[in-house]
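Right, one structure below, let's go through it.
The figures here come from the full heavy-atom set of this structure, side chains too, leaving out hydrogens, waters and symmetry mates.
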Amino acid sequence: MPFGHLVLSISVGLALPVVDLSSTPATIATCFAPENDCAAFAIRAIDRARHEILVGAYNLTTGSGIVEALLGAKGRGVDVRLVADRTAPCQRNSGIDPLARAGIPIWIDHAARIAHVKTMVLDSSVTLMGSYNWTAGAARNSEDLNLVASPVVGAAYAAHWHERLAISSPFNRREDWCRIASGAAEQSATEETRR
């Protein structure tokens, strides 16, 4: 049977909240690493943000251009805010310190065992999401990064970001978190070198 147009309809019963996109159009673009430059894909989206970027980060390092793009966004007046995993400040080449020095508010999600999100909500209507960490090492992995242009999806991810923010603690100094999470950070740093 030749392949023409493929229409896929999936109905899944999930616990609330569920985002219903049936009446709202969404535009989706995808990037797959290592075949494509997903850091550049993310940077293009960051560079288009004009008002706000809400970042959720399991891991965030310098060297991929993503931290640098977030700093550039802050420099042009975009409200950039970050909720990160407790081990993120302790990573080798962590992007947390340069972001904090630039005045970007950072909170540490210590309530979850692992804050494993890799998301950015840009201007409330564009969401970056997928398995792709905001790290230089992610480019060498088999990863996915999706850009979803949808106010409905953006609102859902922003709401989740704010829920995590409400139970997170402000980041002030790297030493405060790395002393607490030193064992986990060492293990995570070892894992990062493998990624």
N/O donor to acceptor pairs below 3.5 angstrom from side-chain atoms of residues 94-106, sequence neighbours left out:
{"unit_1": "S94", "atom_1": "OG", "unit_2": "A88", "atom_2": "O", "d": "2.8"}
{"unit_1": "S94", "atom_1": "OG", "unit_2": "I96", "atom_2": "N", "d": "3.1"}

(request) Of all the heavy-atom pairs spanning T127 and G154, show the shortest one and how long it is. (result) OG1-CA, 3.4 Å

(message) Holding to salt bridge (Lys or Arg N to Asp or Glu O under 4.0 Å), I want the full list of residues that pass it with D109, two or more places apart in sequence or in another chain.
(response) R164

(request) Using side-chain contact (heavy atoms from CB on, under 4.5 Å) as the criterion, list what pairs up with H110, not counting sequence neighbours. (result) R86, S169, W177

(request) Determine which pairs satisfy disulfide bond (SG atoms under 2.5 Å apart) with at least one residue from residues 110-139, sequence neighbours left out, and list them in order. (result) none

(message) Show the nearest heavy-atom pair for residues V80 and L70, with the distance to one decimal.
(response) CG2-O, 3.9 Å

(request) Would you kindly confirm whether M120 and V117 end up in one hydrophobic cluster when ILVMFWY residues are joined by side chain heavy atoms under 4.5 Å apart? (result) no

(request) Determine, stepwise, if the pair L147 / F41 fulfils side-chain contact (heavy atoms from CB on, under 4.5 Å). (result) CA-CA 9 Å; L147 183 147; F41 180 80; 3.7 Å; yes

(request) Just do the side-chain contact (heavy atoms from CB on, under 4.5 Å) check on L128 and L122 with the steps written out, would you? (result) CA-CA 8 Å; L128 286 169; L122 305 109; 4.1 Å; yes

(message) I need the D79 CG to R50 CZ distance, nearest 0.5 Å.
(response) 14.5 Å

(request) Looking only at non-hydrogen atoms, find the nearest pair between N146 and G130 and report the distance. (result) ND2-CA, 4.2 Å

(request) Find the distance between CG (N59) and CZ (R92) and round it off to the nearest 0.5 Å. (result) 11.0 Å

(request) Give the minimum heavy-atom separation between V148 and M129, together with the two atoms involved. (result) CG2-CE, 3.6 Å

(message) Suppose the criterion is side-chain hydrogen bond (donor to acceptor under 3.5 Å, both in side chains): which pairs have a residue in residues 117-126, not counting sequence neighbours?
(response) H116-K118

(message) Pair L60, T135 - check side-chain contact (heavy atoms from CB on, under 4.5 Å), show working.
(response) CA-CA 5 Å; L60 179 84; T135 64; 5.8 Å; no

(message) How close do A136 and G63 get, counting heavy atoms only, and between which atoms?
(response) CB-C, 4.0 Å

If you look only at distance, which donor and acceptor atoms sit under 3.5 Å apart when one is on a side chain in residues 155-162 and the other is two or more places apart or in another chain?
{"unit_1": "W161", "atom_1": "NE1", "unit_2": "V55", "atom_2": "O", "d": "2.8"}

(request) Working to the nearest 0.5 Å, report the span between CD of E175 and SG of C90. (result) 9.5 Å

(message) Suppose we screen for side-chain hydrogen bond (donor to acceptor under 3.5 Å, both in side chains). Which residues come up paired with E52, at least two apart in sequence or across chains?
(response) R81

Throw together a table of side-chain donor-acceptor distances under 3.5 angstrom for residues 32-40, partners on residues two or more places apart or in other chains.
{"unit_1": "D37", "atom_1": "OD1", "unit_2": "A39", "atom_2": "N", "d": "3.4"}
{"unit_1": "D37", "atom_1": "OD1", "unit_2": "A40", "atom_2": "N", "d": "3.1"}

(request) Would you give the length of the straight line joining atom CD1 of I114 to atom OG1 of T87, rounded to the nearest 0.5 angstrom? (result) 8.0 Å

(request) Only counting residues at least two apart or in another chain, list the ones meeting salt bridge (Lys or Arg N to Asp or Glu O under 4.0 Å) with E163. (result) none

(request) Check salt bridge (Lys or Arg N to Asp or Glu O under 4.0 Å) between R173 and all other residues, then give those that pass, not counting sequence neighbours. (result) D176

(message) By the side-chain hydrogen bond (donor to acceptor under 3.5 Å, both in side chains) test, which pairs, at least two apart or in different chains, include something from residues 65-77?
(response) none

(request) Applying side-chain contact (heavy atoms from CB on, under 4.5 Å), name anything that partners I43, two or more places apart in sequence or on another chain. (result) D47, I66, A69

(message) Looking at every heavy atom in both S131 and E143, which two are closest together, and how far apart are they?
(response) OG-OE1, 2.6 Å

